[in-house]
Amino acid sequence: MYNLLAGWNLGWTAMSFICIPCLIISVLCAVFLIVVIMLQQSNSNGIGALGGQQETFYGKNKGKTLESKLRKLTVIAISVMAVFMIVFCVVVFHVDF
C-alpha cells in the first residue's frame, strides 16, 4: 500500500495542536446535531398520501420554513463534523512515535 503521507513527521505538540481543536469542534457539532434533530418534526407523509391531500401554501413555500432551515443546518453540521473527524484520524494514524 502506498502511503501518501510518508514524509510526515508530527511530534506530540503538533499533534495536540491539531487533535484537540478537532475533537472540541466535533463534540460541539455532535451536541448541536442532537438539538437540531430533536427540534425537527417527523416525516409522516405516507398516510397523508392515501387521503389525497391538496397542495397548500405551506407546501409551496417549503424552502423558507423553519423545517427546511433545520434540515440545512443538519447537513452543514454533519459535513463540518465529518471533515474534522477525517483530519483527526489522518493526524492520529500518521504520527511517528
Atom CG in L66, atom CD in Q40: separation rounded to 0.5 Å? 9.0 Å
Under 4.5 Å between side-chain heavy atoms, hopping through other hydrophobics if needed: is there a path connecting I18 to V80? no
Side-chain heavy atoms nearer than 4.5 Å, only ILVMFWY residues, links allowed to pass through others: does that put M85 and V92 together? yes
So which atom in M81 and which in S26 form the shortest heavy-atom distance, rounded to 0.1 Å? SD-O, 3.9 Å
Same cluster for F84 and I76 if Ile/Leu/Val/Met/Phe/Trp/Tyr side chains link at under 4.5 Å? yes
Reported CD1-to-CZ distance for the pair I37 and R71, which is rounded to 0.5 angstrom: 11.5 Å
When you group the ILVMFWY residues by side-chain heavy-atom contacts below 4.5 Å and let the links chain together, are V35 and I24 in the same group? no
Co-members of the apolar cluster containing M38 [side chain, <4.5 Å]: I34
How about L73 and F32: do any of their side-chain heavy atoms sit closer than 4.5 Å? yes
